[in-house]
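See below for the structure under consideration.
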Amino acid sequence: MKNKKNIEDTSGFDNIVSLTKRRGFIFASSEIYDGLAAVYDLGPYGVELANNIKKEWWRVMTQLRDDIVGLDAAIFMSPKVWEASGHVKGFSDPLTECRKCHSRLRLDTLLEEAGVFADEKMSEEEINEIFSKNKEKVVCPICGATDFTPAKNFNLLVQSNLGNFTGDWQKEPVYLRGETCQGIYVNFKNVVDTTRVKIPFGIAQIGKAFRNEITARQFIFRTREFEQMEMQYFVKPGDDKKYFDFWREARFQFYLDLGIKSENLRWHEHENLVFYAQAAFDIEYNYPFGFKELEGIHARGDYDLSVHAQASKHDLSFFDSQTQERFLPHVVETSAGVGRTMLAVICDAYKEEEINGEKRIVLSLAPKLAPIKIAIFPLLKNKPELVNKAREIFNSLKLDWRCEFDDNGNIGKRYRRQDEIGTPFCLTVDFDSLDNDDVTIRFRDSMEQKRIPLRELKNFFQNNI
Ligand code: ATP
């Protein structure tokens, strides 16, 4: 290939963010009204990428297994769920305010950035004590000042006035769910009673969650409305460790199978566990702003089922008919974010290259994740015989793959556009195609071109996507 070289250190985060906007992956929510902080919309290619990530997760977590079933619980749940789960009292982050610029910030994050150990599970007293000992190290990322108010716990649940027509909804709020897994716990008995599941088994769910996050930085990494892919695996007490280790390995492999480079993934073990947890590990991805949580894997014991059993007065134990034992299952949870996975695969796939003195931007996405699998071009727009043949091929391939037809501009420009949205294959119909019944396939990463007979096209794509 001609004179192709990688440009070092130009793939900064700003360039990646700019590509996602320019090419229709991610837009600020309500942008024509100046946006809404920490809320984003998915554009035409973003929704395809997100759907492909979710499809792959669902395939691996349900279709390929005989011990996991799916669920789609509602976003609104009884407020009693969030009281029993501990979210109303304890789902909070330590909020501090910069006395100079009045930015509201998370103190645990500021301390961590200053190299001081802290996390959001610490009590107000604990974290303020650490803060007072390290005051001079904590710097406002917005204005550089070092003068902050003491931290207060700020609850992250988002309230709604659903159904409360006459009362004071702030006193009796219904919440938008703060995590999807509560829908799984409260449906545990329904699933056991209506399907043939036997312990150990899992329930998987993909859906929206909402959190009043204090800091709205880092693009789609931390948003106030986001999608989770969560699976709760119910095991016999004592089997926790075995399945925790299994799921740690399986979930790490998932990201490698999405094509993410292994050197950009690592484990982080939580040292400060909540009282009921037996173990908690995060899979972290090396985002342009550092290694940060992509997915959490948690051994949660019987905490969730026992609090809901107690508060609802329903027996949530499981009877094992083989061993004639009755027990409250323990939970191993895997909890991932769609947005964070999307951002990780985009950052990992983003490349800038120089080709004959010109910059080329490429998203080297795994073909299974690429929003468009095949772009189909007639060489010239004003030659009906080429356009008709290309349309015919588009109409045939679209039955199996997400394709795009494009007859606008010169071929070089059409290639660049597809490179930037990560399309692995471009197919061109030229004059030789009319005589020989073949087309040119151009490969995104190597830019090599190959002629392929029409009758072999479907086979070719079946083997390569
Ligand atoms: P963090 O410490 O970064 O706030 P968390 O520990 O609160 O994350 P969990 O409650 O374990 O996150 O949620 C599980 C997953 O959901 C996370 O690993 C992440 O992928 C995703 N997630 C959580 N909060 C957000 C958010 N505000 N925006 C986007 N994704 C999120």
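Atoms within each ligand, like the ligands themselves, are counted from 1 in listed order. None of the values given here were measured: they were computed from a predicted structure.
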Please state which part of [X] comes within less than 4.0 Å of ligand 1, counting heavy atoms only: side chain, backbone, both or neither.
{"X": "D282", "value": "neither"}
{"X": "Q228", "value": "side chain"}
{"X": "R211", "value": "side chain"}

As an exercise, identify every atom of ligand 1 less than 4.0 angstrom from a heavy atom of [X].
{"X": "R106", "result": "4 (O)"}
{"X": "F221", "result": "28 (N), 29 (C), 30 (N)"}
{"X": "E213", "result": "24 (N), 26 (C), 27 (N)"}

Which residue holds the protein heavy atom closest to [atom], what is that atom called, and what is the gap in Å?
{"atom": "atom 28 (N) of ligand 1", "answer": "T223 N, 3.0 Å"}
{"atom": "atom 4 (O) of ligand 1", "answer": "R222 NH1, 2.8 Å"}
{"atom": "atom 21 (C) of ligand 1", "answer": "G337 CA, 3.9 Å"}
{"atom": "atom 14 (C) of ligand 1", "answer": "S335 OG, 2.9 Å"}
{"atom": "atom 8 (O) of ligand 1", "answer": "E293 OE1, 3.6 Å"}
{"atom": "atom 22 (N) of ligand 1", "answer": "F226 CE1, 3.5 Å"}

Got a salt bridge between [X] and [Y], using NZ or NE/NH1/NH2 to carboxylate O under 4.0 Å?
{"X": "K80", "Y": "E83", "value": "no"}
{"X": "K133", "Y": "E129", "value": "yes"}
{"X": "D406", "Y": "R414", "value": "no"}

* To do: Could you establish whether A336 and ligand 1 come within less than 4.0 Å of each other, counting only heavy atoms on the residue side?
  => yes
* Asked: What do you reckon, does E295 put a non-hydrogen atom under 4.0 Å from ligand 1?
  ->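 Yes.
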* **D41 versus A28, closest heavy-atom pair with distance** =>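 The pair with the smallest heavy-atom distance is OD2-O, 4.1 Å.
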* Asked: Has K413 got more than 12 heavy atoms of other residues, nucleotides or ligands less than 6.0 Å from its NZ?
  -> no
* Asked: How are the rings of F289 and F13 set relative to one another: parallel (under 30°), tilted (30 to 60°) or perpendicular (over 60°)?
  ->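 Ring orientation, 0 to 90° scale: perpendicular.
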* Asked: Looking at F210, is R177 sitting on its ring face, NZ or CZ under 6.0 Å from the six-membered ring centre and within 45 degrees of the normal?
  ->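 The answer is no, since R177 fails at least one limit relative to F210.
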* Lys/Arg cation over aromatic Y45: R23, 6.0 Å, 45° cone ->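 Not satisfied by the 6.0 Å and 45° rule.
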* Asked: Is the gap between the ring centers of F27 and Y40 under 6.0 Å?
  ->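 They do not qualify: ring centres at least 6.0 Å apart.
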